[in-house]
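First comes the structure, then the notes that go with it.
Each chain gets a letter, A, B and so on, in the order its sequence line appears, and its residues count up from 1.
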Amino acid sequence: DMKVTQMPRYLIKRMGENVLLECGQDMSHETMYWYRQDPGLGLQLIYISYDVDSNSEGDIPKGYRVSRKKREHFSLILDSAKTNQTSVYFCASSSPGANTGQLYFGEGSKLTVL
Amino acid sequence: EQQVQQSPASLVLQEGENAELQCSFSIFTNQVQWFYQRPGGRLVSLLYNPSGTKQSGRLTSTTVIKERRSSLHISSSQITDSGTYLCAMNRGSALGRLHFGAGTQLIVIP
């Protein structure tokens, strides 16, 4: 079953605390992504990972970092969270051979920073 | 500047009516995708349509690259079609570097 799983689904943190969002996929996809979704803005790309330890900044990387130590697992880390990082975060994966452009998304992680 | 513009922002239809969703881009692209998102849920890829017309069931997408636009036609809408439809385009060669529109919220009523 092709699946992208995100944990946790809901998280409340105080400003200045650290946040770890985790994502796993069972399709052996090389490429994984982190997006955030805010009302009226659509999804914005934070980071792309092309494989283990091969990460690239997206459009809004400031305030975030990522870790990819295993192909099936991609983490998003917020060191000292800020209130403007309150958002819904989506992880996705894709295979480079998929010329139909198929991206598989997780259910999202809703982060609230107080 | 929002690189992907979608219209309308929201749309209410009666079950059985057709819907036409529009997407325009501020720059040229060679990859256009349409996604569906149910409230509070994950995005699901509907159609990948870099150019021309593509159909999948009741969905038909038409992309005119030189005019920097794409449309999604939903025929015979059903209540379960309710949700948000997002258009995305790829600005670079790397698949997945997608730029999304804000979406069209579709509500289908009985």
If you round to the nearest 0.5 Å, how far is CG of A/Leu103 from CZ of B/Phe35?
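The distance works out to 5.0 Å.
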Quick check: closest heavy atoms across A/Tyr35 and B/Leu98, and the distance to 0.1 Å?
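A/Tyr35 and B/Leu98 have their closest heavy atoms at OH-N, 3.3 Å.
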Contact summary for B/Arg97 and A/Glu57, nearest pair of heavy atoms
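Where B/Arg97 meets A/Glu57 most closely, the heavy atoms are NH2-O, 3.1 Å.
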Does a sphere of radius 6.0 Å around NZ in B/Lys54 hold more than 12 heavy atoms from other residues, nucleotides or ligands, not counting ones at 6.0 Å or beyond?
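For B/Lys54, atom NZ is crowded (more than 12 foreign heavy atoms under 6.0 Å).
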Can you get from [X] to [Y] by hopping between Ile, Leu, Val, Met, Phe, Trp and Tyr side chains that sit under 4.5 Å apart?
X	Y	result
B/Val12	B/Tyr85	no
B/Leu21	B/Leu47	yes
A/Leu45	A/Leu111	no
A/Ile48	A/Tyr89	no
B/Leu11	B/Trp34	yes

Using a cut-off of under 4.5 Å on heavy-atom pairs, state which of A/Gly58, A/Ser56, A/Gly106 scores highest against chain B.
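If we count pairs closer than 4.5 Å to chain B, A/Gly106 comes out on top.
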Which one wins on heavy-atom pair count under 4.5 Å against chain B: A/Gln44, A/Lys110, A/Glu107?
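Sorted descending by pairs with chain B, the first entry is A/Glu107.
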Structural part of B/Gln37 lying under 4.5 Å from a heavy atom of chain A:
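Just the side chain, heavy atoms under 4.5 Å.
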Please look at A/Gln37 and chain B and tell me whether the side chain, the backbone, both or neither of the residue comes under 4.5 angstrom of a heavy atom of that chain.
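Looking at A/Gln37, just its side chain touches chain B.
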Select one option (side chain, backbone, both, neither) describing which atoms of A/Asp59 are under 4.5 Å from chain B's heavy atoms.
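The side chain, not the backbone.
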